[in-house]
Amino acid sequence: MKAPVNFIHQMIDEDIRNNKNGGRVHTRFPPEPNGYLHIGHAKSICLNFGTATKYNGKANLRFDDTNPTKEDTEYVDSIMEDVRWLGFDWDDRLFYASDYFEQLYEWAVKMIREGNAYVDDLNAEQISEYRGTVTRPGKESPFRSRSVEENLDLFTRMKNGEFADGTKVLRAKLDMAHPNMLMRDPIMYRIIHTDHHRTGDKWCIYPMYDYAHGQSDYLEGITHSICTLEFEIHRPLYEWYLQQVAEGEYRPQQIEFARLNLTYTVMSKRKLLQLVNEGIVNGWDDPRMPTICGLRRRGFTAEAIRNFADIIGIAKRDQVIDVALLEFCIREDLNKRSNRAMAVMNPVKLILDNYPEGEEEILEAINNPEDPDAGMRSIPFSRELYIEREDFMEDPPNKFFRLKPGGEVRLKYGYVIRCESIVKDENGQITEIHCIYEADTKRGMPNSNKKVKGTLHWVSAKHALPLEVRLYDRLFVKENPDDLEEGQNFKDFLNPDSLKTITAFAEPSLGAAKPGDRYQFERLGYFCADLDSVSGKPVFNRTVPLKDNWAKIGQAEK
RNA sequence: UGUCCGAUGGUGUAAUUGGCAACACGUCUGAUUCUGGAUCAGAAGAGUCCAGGUUCGAGACCUGGUCGGACAACCA
């Protein structure tokens with residue numbers, strides 16, 4: 001599948017035509033290490049690294065670590081792992097905004113010297129007041145007109161740790177009446193006496209995003225600084241800061257695109273963090289999370305996620321992608337690559353009355369019909385089997401072509417059978433289905449081509465391997481959990497059935513599954529052996545069910 | 001009562017830069033199938049937010065609206 005040309009690539013094409021930056025293309029992915037990466041970041045990663053590849057350029061990984069109160073090496077490590085897992089490589093271009101603290105400081109001093117920055121003593125509340133509102137201009141701080149000398153002295157003392165958190169800030173001197181609120185003397189530095197994950201206690205003043213980001217881009221020679229739409233209004237400030245320090249012609253260019261939203265999930269780091277902290281999910285890598293590590297644990301492949309990122313495209317209008325598209329991408333990939341296996345999730349016993357008691361045989365099964373190289377495997381067969389309870393109906397509707405009284409059906413890789421009778425318990429629940437099998441309908445036998453409408457998966461009762469299976473569903477029941485009325489909370493719409501753990505019965509070959517191994521359980525879906533698996537006793541996560549036409553018919557008839 | 005941005009089938013993205021709206025997902029038929037999966041063939045579904053204008057010709061350009069989003073953290 002080929003991604004269409006997006007507007008960013010069109011801009012780059014134009015830049016190359018004009019020989020801007022000598023035709024050089026250099027991007028960066030700039031996460032703040034304050035949370036785990038999610039599928040929305042994957043979109044950005046694919047865009048940035050993909051763009052670099054497409055134009056024979058480079059892409060940096062840069063941690064935007066300017067706020068020590070929120071950041072942690074735990075996040076740095078997970079982010080690197082996730083970017084790598086997605087299949088991208090930053091070579092030796094791993095950077096941190098904190099690498100530039102010294103330079104940033106010097107530039108700030110330069111701005112003070114040139115009368116473009118000042119130390120303000122107003123507290124946070126006052127600064128907010130003085131900033132005015134979106135429709136009313138702000139007013140200037142009484143400290144705005146301090147002399148350069150005084151500003152220099154104060155800023156040095158800020159840096160030296162003479163002042164408490166929150167008592168002073170360094171501000172750019174722009175225009176308190178600017179219609180764009182970001183231009184109303186934005187804060188450049190604040191005092192934070194907190195150890196930084198990389199610089200320790202060396203600094204107690206830290207640069208704000210707007211001041212640090214563009215300068216970092218500049219220092220790294222970034223040509224196209226791609227970010228999400230909410231920074232669009234920051235662009236004039238981005239450019240203004242650059243103008244204060246840049247020499248020569250070169251400037252990085254900020255370009256904004258729409259972030260990804262997915263139906264039936266939330267994407268904000270704050271909300272994801274809340275789900276983790278409140279124990280609503282089991283950590284950042286809970287398979288229900290839209291995090292990269294969650295999707296990975298769920299059984300997604302990097303290829304599927306990259307393909308998804310390609311397909312959804314890049315544009316500037318708000319994007320809400322149907323999760324069905326993500327599911328399509330993983331099914332498409334897993335259909336081609338995963339081996340099949342048989343497992344029964346909701347078993348009912350099926351007995352072949354005419355099959356010799358105590359006898360058993362080995363049936364040969366195709367591992368992956370989509371991949372001739374995947375080979376064959378052996379499955380034990382015997383007189384007593386399990387099939388899915390839903391595969392039998394005593395009094396079925398017309399279109400039901402599974403097992404019914406008097407009806408015939410094929411057991412996958414085995415025989416055609418006919419239902420003779422059923423046994424129920426005192427509650428009317430079916431406990432046994434009795435069938436007879438036709439010995440000559442097995443593969444390779446004369447009547448093997450016998451046509452029946454249905455084929456069922458099954459497991460030999462005696463050989464069945466009990467399997468913990470975790471059935472995941474969407475985390476929210478509401479298409480857009482962020483779209484709330486007064487008094488509602490996104491957590492009001494959590495899906496109580498987002499995780500169901502069951503014991504399934506599987507063919508013995510699954511006992512060899514190792515964490516990360518992916519299978520298609522015939523007729524059910526794609527499953528991935530979880531980290532919690534122990535040798536011989538695997539635990540499976542359902543990545544995604546197979547498309548189910550029958551379920552759709554059932555729905556329609558209700 | 002501001003600034004910036006956006007608007008194309010249900011969803012998302014295109015339209016060779018002004019030449020009778022295409023692709024994917026989803027939906028629906030049918031064929032095929034030892035997975036009601038996959039595959040194959042086909043169909044429905046928008047006349048491009050609205051109103052003007054420029055033009056032989058506008059989804060694209062201009063003007064004015066409407067609707068939606070972002071911005072008033074010492075977050076990024």
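These numbers come from a predicted model, not from an experiment. Below, chains carry the letters A, B, ... as their sequence lines are ordered, and counting in each starts from 1.
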Undergrad: So, is A:Arg184 close to the B:rC71 phosphate, meaning a side-chain N or O under 4.0 Å from OP1 or OP2?
TA: no

Undergrad: Could you check whether any side-chain N or O of A:Lys478 sits under 3.5 Å from a backbone N or O of A:Asp483, counting only pairs where one atom can act as donor and the other as acceptor?
TA: yes

Undergrad: Using the C1' atoms only, state how far B:rA46 lies from B:rU13, rounded to an integer number of Å.
TA: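 The same atom, C1', in both gives a distance of 14 Å.
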
Undergrad: Does B:rA41 have a Watson-Crick or wobble mate here (both distances under 3.5 Å), and if so which one?
TA: B:rU29

Undergrad: Determine the interatomic distance between C1' on B:rC62 and the same-named atom on B:rC40; round to the nearest Å.
TA: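 Rounded to whole Å, the distance is 49 Å.
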
Undergrad: Classify the ring geometry between A:Tyr519 and A:Phe540 as parallel (under 30°), tilted (30 to 60°) or perpendicular (over 60°).
TA: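 A:Tyr519 and A:Phe540: perpendicular rings.
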
Undergrad: May I ask you to verify if any side-chain N or O of A:Arg317 is less than 4.0 angstrom from the OP1 or OP2 atom of B:rU8?
TA: yes

Undergrad: Could you check which of B:rG37, B:rG2, B:rA76 has an atom nearest any side-chain atom of A:Pro179?
TA: B:rG2

Undergrad: Just call it for A:Val452: base, sugar-phosphate, or nothing, with non-hydrogen atoms closer than 4.0 Å on any strand.
TA: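 It contacts nothing in the nucleic acid.
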
Undergrad: Between A:Tyr209 and A:His213, does the ring centroid distance fall short of 6.0 Å?
TA: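 They qualify: ring centres under 6.0 Å apart.
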
Undergrad: Taking only the side-chain heavy atoms of A:Glu370 (C-beta and beyond), determine which of B:rG69, B:rG37, B:rC34 contains the nearest atom.
TA: B:rG37

Undergrad: Determine the Euclidean distance between corresponding P atoms of B:rU55 and B:rC71; express it in Å to zero decimal places.
TA: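 Straight-line distance between the two P atoms is 43 Å.
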
Undergrad: Have a look at A:Arg131 and say if it touches a base, only the backbone sugar-phosphate, or nothing, with a 4.0 Å heavy-atom cut-off.
TA: sugar-phosphate

Undergrad: When the ring planes of A:Trp284 and A:Tyr36 are compared, do they come out parallel, tilted or perpendicular, using 30° and 60° as the limits?
TA: parallel

Undergrad: Which nucleotide, in any strand shown, forms a Watson-Crick or G-U wobble pair with B:rC56, with both distances under 3.5 Å?
TA: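 With both distances under 3.5 Å, B:rC56 matches B:rG19.
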
Undergrad: Of the options B:rG69, B:rC75, B:rG26, whose atoms approach the side-chain atoms of A:Glu32 most closely?
TA: B:rC75

Undergrad: Measure from the side-chain heavy atoms of A:Gln10 and tell me the nearest of B:rA73, B:rU35, B:rU17.
TA: B:rU17

Undergrad: Of all the choices, B:rA76, B:rG36, B:rU13, which nucleotide is nearest to the side chain of A:Tyr209 once you look at every atom?
TA: B:rA76

Undergrad: Please determine, for the side chain of A:Leu182, which listed nucleotide (B:rC71, B:rC75, B:rA38) has the closest atom?
TA: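 Per side-chain heavy atoms of A:Leu182, the pick is B:rC71.
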
Undergrad: When you measure from the side chain of A:Lys412, which nucleotide among B:rU13, B:rU35, B:rG26 comes out closest?
TA: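 Between B:rU13, B:rU35, B:rG26, the one nearest the side chain of A:Lys412 would be B:rU35.
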
Undergrad: Could you work out which one of B:rA72, B:rC5, B:rU35 sits closest to the side chain of A:Lys316?
TA: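 That would be B:rC5.
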
Undergrad: Answer with base, sugar-phosphate or nothing: what part of the nucleic acid does A:Phe401 contact at a heavy-atom distance below 4.0 Å?
TA: base

Undergrad: Could you work out which one of B:rC25, B:rC28, B:rU35 sits closest to the side chain of A:Leu325?
TA: B:rC25

Undergrad: Look at the side chain of A:Arg377 and the backbone N and O of A:Ile366, then say whether any donor-acceptor pair between them is shorter than 3.5 Å.
TA: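 Flag set: sc A:Arg377 to bb A:Ile366 pair under 3.5 Å.
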
Undergrad: Considering only atom P, compute the distance from B:rU48 to B:rG53 and round it to an integer number of Å.
TA: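 B:rU48 and B:rG53 have their P atoms separated by 16 Å.
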
Undergrad: Identify which nucleotide among B:rA38, B:rU35, B:rG36 has an atom closest to any side-chain atom of A:Asn549, counting heavy atoms from C-beta outward.
TA: B:rG36

Undergrad: Checking A:Asn367 against A:Arg340: is there a side-chain donor and acceptor pair closer than 3.5 Å?
TA: no

Undergrad: Given atom NE2 of A:His178 and atom P of B:rG2, what is their separation to the nearest angstrom?
TA: 15 Å

